[in-house]
Amino acid sequence: TFFFMPVMVGVSAWIEAGEEDTRDRFYTPLFWNAAAGLVFLLLFNGRLMLQGFPESPRLLAEDETEMAMMFACRTLDEVAQVTGITKQEVLRELANPDPAHIK
């Protein structure tokens with residue numbers, strides 16, 4: 001969204017600036033908009049292939065505190081220490097949608 005808002009404004013201005021009422025008035029700006037979208041998609045996918053997904057999500061301090069309160073702790077590091085598993089495993093267990101899995 002951040003990158004394409006200026007592009008969309010430029011495309012809209014380009015379309016409105018067209019004087020003749022032909023299909024090229026719309027075709028050319030929209031073609032270049034689609035080409036720019038394809039380039040950004042390829043760049044994003046290339047970056048994702050090289051870096052991959054993060055091991056665990058970044059949490060705000062308030063969110064971490066709220067999640068740790070279920071275990072009467074202040075941080076997820078304390079929860080990991082109490083439960084004897086790593087912080088990433090704690091987050092993985094909390095994110096599991098299967099109610100039968102929760103013990």
Side-chain angles (χ1 to χ4, degrees):
T1 303
F2 176 74
F3 294 111
F4 265 96
M5 287 305 288
V7 172
M8 288 305 298
V9 168
V11 166
S12 297
W14 191 357
I15 289 172
E16 290 299 319
E19 295 176 12
E20 67 276 352
D21 198 17
T22 63
R23 75 177 184 110
D24 289 338
R25 175 181 174 188
F26 299 99
Y27 176 78
T28 305
L30 293 177
F31 170 80
W32 286 110
N33 184 38
L38 179 63
V39 167
F40 279 113
L41 179 66
L42 292 174
L43 289 174
F44 175 79
N45 285 335
R47 182 183 144 275
L48 186 61
M49 284 177 57
L50 292 174
Q51 292 182 350
F53 289 106
E55 187 66 31
S56 63
R58 295 181 188 163
L59 296 173
L60 295 174
E62 299 86 29
D63 295 334
E64 185 173 341
T65 303
E66 185 177 336
M67 292 171 72
M69 280 196 295
M70 295 185 289
F71 298 91
C73 297
R74 286 182 282 184
T75 65
L76 288 178
D77 291 323
E78 290 179 13
V79 173
Q81 190 176 26
V82 168
T83 57
I85 58 177
T86 65
K87 183 177 177 180
Q88 286 81 16
E89 290 173 349
V90 169
L91 288 171
R92 194 174 298 121
E93 294 293 325
L94 289 173
N96 191 344
D98 184 16
H101 184 74
I102 299 172
K103 297 177 183 176

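All values derive from a computational prediction rather than experimental measurement.
Considering CE of Met5 and CE of Met8, their distance stands at 8.5 Å, rounded to 0.5 Å. Atoms CE and OG1, from Met69 and Thr75 in turn, are 12.5 Å apart once rounded to the nearest 0.5 Å. Rounded to the nearest 0.5 angstrom, Glu62 CD and Glu66 CD are separated by 9.5 Å. Taking CG of Leu48 as the start and CG of Leu41 as the end, the distance is 10.5 Å to the nearest 0.5 Å.
Two different hydrophobic clusters hold Trp14 and Phe26 under the rule that ILVMFWY side chains link at heavy-atom gaps under 4.5 Å. The hydrophobic clustering, which links ILVMFWY residues whose side-chain heavy atoms are closer than 4.5 Å, places Tyr27 and Trp32 together. Linking Ile, Leu, Val, Met, Phe, Trp and Tyr whenever their side-chain heavy atoms come within less than 4.5 Å puts Phe40 and Val11 in one cluster.
Put simply, the side chain of Val79 does not reach to within 4.5 Å of the side chain of Ile85, judged on heavy atoms. Between Leu43 and Val39 there is a side-chain heavy-atom pair separated by less than 4.5 Å.
Not a single donor-acceptor pair under 3.5 Å links the side chain of Glu16 to the backbone N or O of Ser12. Glu64 places a side-chain N or O within 3.5 Å of a backbone atom of Leu76 that can act as its donor or acceptor partner.
Between Lys87 and Ala80 the shortest heavy-atom distance is N-CB, 3.8 Å. A pairwise comparison of heavy atoms in Arg74 and Ala68 identifies C-CB, 3.8 Å as the closest pair. Residues Leu94 and Met70 come closest through the heavy atom pair CD2-CE, 3.8 Å. Between Met67 and Leu91, the closest heavy-atom pair is CE-CD2, 3.7 Å.
The number of heavy atoms from other shown groups lying within 6.0 Å of CD (Glu89) is above 12.
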